[in-house]
**Student:** 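Got a structure for you, written out below as structure tokens; questions coming shortly.
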Amino acid sequence: MKKKHWYDYLWIWSIIYFTLGFFNILFAWLGMIDFLVPVFIAVFGRNKWFCNNLCGRGQLFALLGGKYKCSRNRPTPRFLVSPWFRYGFLAFFMAMFGNMVFQTWLVAAGASGLREAIKLFWTFKVPWGWTYTAGMVPDWVAQYSFGFYSLMLTSLLLGLIMMVLYKPRSWCTFCPMGTMTQGICKLGSRGETQDS
């Protein structure tokens with residue numbers, strides 16, 4: 001039996017993160033950990049150790065889809081694994097992230113008001129006002145929270161849908177962070193090859 005490590009329980013972190021954000025949207029900022037740590041590991045460690053060991057979301061999908069049999073366990077469609085889809089989805093995801101940052105800037109500049117809603121699948125606005133009391137922090141901080149939690153919740157729901165329809169960690173095949181860190185690792189190894 002495989003020895004358990006502390007990081008094998010990071011699926012609990014995913015549940016805590018989304019629960020905290022449900023009650024106070026400002027906790028959405030904690031999700032930046034899931035954005036910065038994989039990039040840091042890819043840049044300095046030249047590997048995808050985060051994806052393979054520390055990703056709480058991937059662990060959650062594996063647990064629900066594997067142990068609890070919430071997955072049909074069918075092969076992931078080949079096009080989802082293809083580079084054009086993965087890098088295309090990364091570009092789309094980064095464009096949505098850029099738009100979120102732009103909306104935050106508009107609020108910070110006073111050109112737009114705070115929108116207390118979560119946008120699911122980049123389309124459907126869900127009122128989320130109970131999670132924030134106006135004036136607790138500058139409006140731009142709250143706006144970033146609503147936008148970032150929207151991205152995180154949308155990716156969680158996409159991952160759950162993929163888990164149910166296909167293999168438990170099908171989301172991981174085209175996860176934007178996974179694609180980005182893989183690209184960083186490839187660039188790093190290419191640079192090392194050219195230096196030697």
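Reckoned from all heavy atoms, side chains included, excluding hydrogens, waters and symmetry mates. One-based numbering along the sequence shown.
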**Student:** Does one hydrophobic cluster hold both Leu187 and Ile41, with members joined at side-chain heavy-atom distances below 4.5 Å?
**Tutor:** no

**Student:** How long is the span from the CD atom in Gln59 to the CH2 atom in Trp13, to the nearest 0.5 Å?
**Tutor:** 13.5 Å

**Student:** May I have the step-by-step check of side chain to side chain contact (heavy atoms under 4.5 Å, CB included) for Phe93 and Trp122, ending in yes or no?
**Tutor:** CA-CA 10 Å; Phe93 192 87; Trp122 302 281; 3.9 Å; yes

**Student:** Tell me whether the guanidinium CZ or amine NZ of Lys4 lies under 6.0 angstrom from the six-membered ring centre of Tyr9 and within 45° of its axis.
**Tutor:** yes

**Student:** Rounded to the nearest 0.5 Å, what's the gap from CD1 on Ile25 to CG on Leu20? Could you check?
**Tutor:** 11.0 Å

**Student:** Are Asn73 and Pro168 close enough that some pair of their side-chain heavy atoms sits under 4.5 Å apart?
**Tutor:** yes

**Student:** Taking it one step at a time, do Trp171 and Ile161 satisfy side chain to side chain contact (heavy atoms under 4.5 Å, CB included)?
**Tutor:** CA-CA 9 Å; Trp171 161 257; Ile161 291 167; over 6 Å; no

**Student:** What verdict does the side chain to side chain contact (heavy atoms under 4.5 Å, CB included) test give for Met100 and Tyr144, after you've listed the backbone C-alpha separation in whole Å, the side-chain angles of each residue and the deciding distance to 0.1 Å?
**Tutor:** CA-CA 7 Å; Met100 181 203 81; Tyr144 186 88; 3.2 Å; yes

**Student:** Are Phe102 and Met96 linked, directly or through intermediate hydrophobic residues, by side-chain heavy-atom contacts shorter than 4.5 Å (ILVMFWY only)?
**Tutor:** no

**Student:** Treating Ile, Leu, Val, Met, Phe, Trp and Tyr as nodes and any side-chain heavy-atom pair under 4.5 angstrom as an edge, say whether Val137 and Leu106 lie in one connected cluster.
**Tutor:** no

**Student:** Taking all non-hydrogen atoms of both residues, which atom of Ala28 and which atom of Tyr149 are closest, and how far apart?
**Tutor:** CB-CB, 3.8 Å

**Student:** The test is side chain to side chain contact (heavy atoms under 4.5 Å, CB included); show your working for Met162 and Arg169 and say whether it passes.
**Tutor:** CA-CA 8 Å; Met162 296 302 296; Arg169 290 190 68 160; over 6 Å; no

**Student:** Working to the nearest 0.5 Å, report the span between CG of Leu151 and CD1 of Ile118.
**Tutor:** 9.5 Å

**Student:** Using the rule that two of Ile, Leu, Val, Met, Phe, Trp, Tyr join whenever any of their side-chain heavy atoms come within less than 4.5 Å, decide whether Leu120 and Leu156 are in one cluster.
**Tutor:** yes

**Student:** Quick one: which of Phe174, Phe85, Phe89 gives a ring-ring contact (aromatic ring centres under 6.0 Å, His included) with Phe79?
**Tutor:** Phe85

**Student:** Can you sort out the partners of Cys51 under side-chain contact (heavy atoms from CB on, under 4.5 Å), two or more places apart, ordered by chain and number?
**Tutor:** Lys48, Thr181

**Student:** Does Arg74 form a side-chain hydrogen bond (donor to acceptor under 3.5 Å, both in side chains) with Ser71? I'd like the steps, not just the answer.
**Tutor:** CA-CA 8 Å; Arg74 297 200 172 172; Ser71 174; over 6 Å; no

**Student:** Which pairs with one or both residues in residues 33-56 pass ring pair (Phe, Tyr, Trp, His ring centres under 6.0 Å), sequence neighbours excluded?
**Tutor:** Tyr7-Trp49, Phe35-Phe97, Phe35-Phe148, Phe40-Phe44

**Student:** Using only atom types and a distance under 3.5 Å, with no angle test, would you say the side chain of Glu116 pairs donor to acceptor with the backbone of Gln143?
**Tutor:** no

**Student:** Scan for side chain to side chain donor-acceptor pair (under 3.5 Å) pairs involving residues 16-33, sequence neighbours excluded, and state none if there are none.
**Tutor:** Trp29-Ser145

**Student:** Tell me whether Tyr68 at atom OH has more than 12 heavy atoms from other residues, nucleotides or ligands lying less than 6.0 Å away.
**Tutor:** no

**Student:** Give me each pair satisfying side chain to side chain donor-acceptor pair (under 3.5 Å) with a member in residues 123-142, each pair once, sequence neighbours excluded.
**Tutor:** none

**Student:** What's the separation between atom CE in Met177 and atom CD1 in Ile184, rounded to the nearest 0.5 Å?
**Tutor:** 7.0 Å

**Student:** Can you find a heavy atom in the side chain of Asn52 that is under 4.5 Å from one in the side chain of Asn47?
**Tutor:** no

**Student:** Please report the interatomic distance CD1(Ile33) to CG(Leu54), rounded to the nearest 0.5 Å.
**Tutor:** 12.0 Å

**Student:** Can you list every side chain to side chain donor-acceptor pair (under 3.5 Å) pair that touches residues 75-96, not counting sequence neighbours?
**Tutor:** Thr76-Ser170, Ser82-Trp84, Arg86-Gln182

**Student:** Nearest 0.5 Å, please: how far is CE in Met152 from CE in Met32?
**Tutor:** 9.5 Å

**Student:** What is the minimum heavy-atom distance between Arg57 and Ser14, and which atoms define it?
**Tutor:** N-OG, 3.1 Å

**Student:** Same cluster or not: are Leu63 and Ile12 linked, directly or through other Ile, Leu, Val, Met, Phe, Trp or Tyr residues, by side-chain heavy atoms under 4.5 angstrom apart?
**Tutor:** yes

**Student:** Suppose the criterion is side chain to side chain donor-acceptor pair (under 3.5 Å): which pairs have a residue in residues 158-168, not counting sequence neighbours?
**Tutor:** none

